[in-house]
Number of protein chains: 2
Amino acid sequence: MDVIQRELTAFARRARATAARLHPDLPLVSYTLLAHIDHQQGCRATDLAAHYLLDKSTVSRQVAALEKLGLVERHPDPDDHRMQVLHPTPSGTEALASTQASRRAAYRKRLGSWASEDLTRFAEYLLRYNEAGDTGTAP
Amino acid sequence: MDVIQRELTAFARRARATAARLHPDLPLVSYTLLAHIDHQQGCRATDLAAHYLLDKSTVSRQVAALEKLGLVERHPDPDDHRMQVLHPTPSGTEALASTQASRRAAYRKRLGSWASEDLTRFAEYLLRYNEAGDTGTAP
DNA sequence: ACTAATAGTTGTAGCATACATCTAATGCCT
DNA sequence: AGGCATTAGATGTATGCTACAACTATTAGT
């Protein structure tokens with residue numbers, strides 16, 4: 001269990017550097033948010049904050065940056081004018097696709113030699129681990 | 001494979017917040033470095049930089065902070081006066097132990113229900129994944 | 001002895017983040 | 001309907017972590 005702890009920490013520590021190398025153009029964190037927005041096909045800022053354990057203000061600024069770059073659009077929710085629904089613009093989708101490509105290449109390099117059985121199990125473990133955080137961490 | 005990518009990213013994104021909650025007292029990154037120093041029983045600043053993909057300057061400041069807090073000692077290497085060997089002070093070891101405790105509790109909460117077989121395999125996967133980064137990322 | 005490489009420090013700048021505060025919109029409750 | 005609490009988001013401010021560049025001190029190669 002200590003090993004898991006140590007290795008996850010090491011990974012987290014390195015993640016920034018690795019990510020910065022993978023897409024030096026896109027403001028890094030923004031990339032993650034953009035990916036999430038795309039994956040969810042439209043979501044609110046609060047969702048992002050909750051999912052990544054970020055402060056509202058942080059998300060607000062990041063989204064503003066993404067909008068400024070023309071990668072996302074904000075549409076006020078017709079039902080509730082407090083909220084804004086976020087959607088990637090075509091340009092955003094494109095930017096995402098291109099970074100996804102290099103990202104995938106990097107992952108393939110790292111995981112290419114793994115047996116598909118191991119990959120499946122690894123993914124399963126990660127999902128399980130992260131889900132535990134979702135529920136157990138917000139009392 | 002995309003799942004692995006997404007989940008690892010999500011984890012990395014959350015890691016900071018989680019870590020900050022676990023030991024609000026210790027300057028967070030410093031904790032990681034302190035743990036590594038302790039685990040390695042004495043190491044140099046460059047080793048830390050290499051292991052966590054950090055810049056020399058970053059490590060230098062972090063270590064300086066740790067020293068200021070009285071958690072590590074720097075001894076110039078007798079063989080090579082350029083280097084400094086880092087060691088945790090008793091106070092550092094103690095601080096580490098206490099945060100380790102709460103950290104372990106959090107992990108136990110998350111992983112307690114896992115079969116030990118799964119834990120072993122998860123640890124193994126993480127090691128394997130991180131090792132691939134060690135070698136494959138520094139051409 | 002001169003040059004190149006290495007370990008570490010310091011100056012400077014930037015991004016990501018949190019906390020506190022503020023506004024606008026909504027919901028509830030009597 | 002009016003009033004208080006809640007929620008979504010924005011903005012002000014401060015801080016932490018980080019990188020890059022320039023500098024010193026030490027060591028190694030030739």
Side-chain angles (χ1 to χ4, degrees), chain A residues 9 12-34 36-37 42-69 72-86 138, chain B residues 9 12-34 36-37 42-69 72-86 138:
Chain A
T9 306
R13 235 71 231 65
R14 293 172 183 172
R16 180 187 295 211
T18 313
R21 211 165 353 87
L22 280 182
H23 30 74
D25 42 324
L26 216 57
L28 175 48
V29 175
S30 304
Y31 167 80
T32 310
L33 298 184
L34 180 56
H36 192 84
I37 291 170
C43 68
R44 298 166 306 146
T46 305
D47 299 336
L48 295 173
H51 190 254
Y52 292 111
L53 299 182
L54 293 172
D55 193 77
K56 298 183 296 180
S57 60
T58 305
V59 176
S60 175
R61 286 179 229 272
Q62 293 293 335
V63 170
L66 281 173
E67 192 186 30
K68 202 169 182 178
L69 290 170
V72 302
E73 285 172 350
R74 290 192 268 194
H75 300 298
D77 186 322
D79 295 343
D80 187 336
H81 282 210
R82 288 172 304 181
M83 307 192 226
Q84 302 174 348
V85 185
L86 306 171
Chain B
T9 306
R13 238 63 240 65
R14 293 173 184 173
R16 181 187 296 210
T18 314
R21 213 165 350 87
L22 279 182
H23 30 73
D25 42 324
L26 217 55
L28 176 47
V29 175
S30 304
Y31 168 81
T32 310
L33 297 184
L34 180 55
H36 191 85
I37 291 170
C43 69
R44 297 166 306 148
T46 305
D47 298 337
L48 295 173
H51 191 254
Y52 292 111
L53 299 182
L54 293 172
D55 192 77
K56 297 182 298 181
S57 60
T58 305
V59 175
S60 174
R61 287 179 229 269
Q62 293 293 336
V63 170
L66 281 173
E67 191 187 28
K68 201 168 183 178
L69 290 170
V72 302
E73 285 173 350
R74 290 193 268 195
H75 299 299
D77 185 322
D79 294 345
D80 187 337
H81 282 210
R82 286 173 305 183
M83 308 191 223
Q84 301 174 348
V85 185
L86 305 172

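Lettering follows sequence order; numbering is per chain, from 1.
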Candidates dC19(C), dT9(C), dA7(C) - which lies nearest the side chain of Q84(B): dT9(C)
Nearest of dT10(C), dA25(C), dA16(C) to any side-chain atom of S60(B)?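 Shortest atom-to-atom distance from the side chain points to dT10(C).
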I need the [atom1]-[atom2] distance between [X] and [N], as an integer number of Å.
X      : N       : atom1 : atom2 : result
M83(A) : dT26(C) : CE    : C1'   : 9 Å
H75(B) : dA7(C)  : NE2   : C1'   : 18 Å
L48(A) : dA16(C) : CG    : P     : 15 Å
Q62(B) : dT9(C)  : CD    : C1'   : 14 Å
H81(A) : dG27(C) : NE2   : C1'   : 16 Å
R74(B) : dA7(C)  : CZ    : P     : 16 Å
L66(A) : dC15(C) : CG    : P     : 14 Å
R13(A) : dA16(C) : CZ    : P     : 15 Å

Between D55(A) and A17(A), which has a closest nucleotide on DNA chain D that is more 5'?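 This one resolves to D55(A).
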At under 4.0 Å between heavy atoms, what does [X] touch on the DNA or RNA strands: base, sugar-phosphate, or nothing?
X      : result
D80(A) : sugar-phosphate
S57(B) : base
R61(A) : base

Let me know, please, whether D77(A) or R16(A) comes out on the 5' side of the other along DNA chain C by nearest nucleotide. R16(A)
When you match D79(A) and K56(B) each to their closest nucleotide on DNA chain C, which lands nearer the 5' end? K56(B)
Would you say [X] and [Y] make side-chain contact, with heavy atoms under 4.5 Å?
X      : Y      : value
V29(B) : R13(A) : yes
E67(A) : Q84(A) : no
Y52(A) : V59(A) : no

Computed from five pairs at either end and rounded to 10 degrees, the angle between the axes of the helix from dA1(C)-dT30(D) to dT30(C)-dA1(D) is 20°
Please assess T18(A) against L53(B) for the test side-chain contact (heavy atoms from CB on, under 4.5 Å), listing each intermediate value before the final yes or no. CA-CA 8 Å; T18(A) 313; L53(B) 299 182; 4.0 Å; yes
Supply the atom-to-atom distance [X] [atom1] to [Y] [atom2], rounded to the nearest 0.5 angstrom.
X      : Y      : atom1 : atom2 : result
L33(B) : C43(B) : CG    : SG    : 8.5 Å
L48(B) : L86(B) : CG    : CG    : 6.5 Å
T32(A) : I37(A) : OG1   : CD1   : 10.5 Å

Is the side chain of R14(A) donor-acceptor paired with the backbone N or O of H51(B) at a distance under 3.5 Å, no angle test?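 Yes.
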Segment of DNA chain D, first to last nucleotide, that comes within the 4.0 Å heavy-atom reach of chain B: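 It runs dC17(D) to dT27(D).
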OP1 or OP2 of dG27(C) versus the side-chain N and O atoms of R82(A): is any pair under 4.0 Å?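 Indeed not, no polar side-chain atom of R82(A) lies that close.
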Closest heavy-atom contact between A64(A) and R74(A)?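 Smallest heavy-atom distance, with atoms named: CA-NH2, 3.9 Å.
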Can you list the residues that meet the salt bridge (Lys or Arg N to Asp or Glu O under 4.0 Å) rule with D55(A), with sequence neighbours excluded?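 Partners of D55(A) by the salt bridge (Lys or Arg N to Asp or Glu O under 4.0 Å) criterion come out as none, since no residue qualifies.
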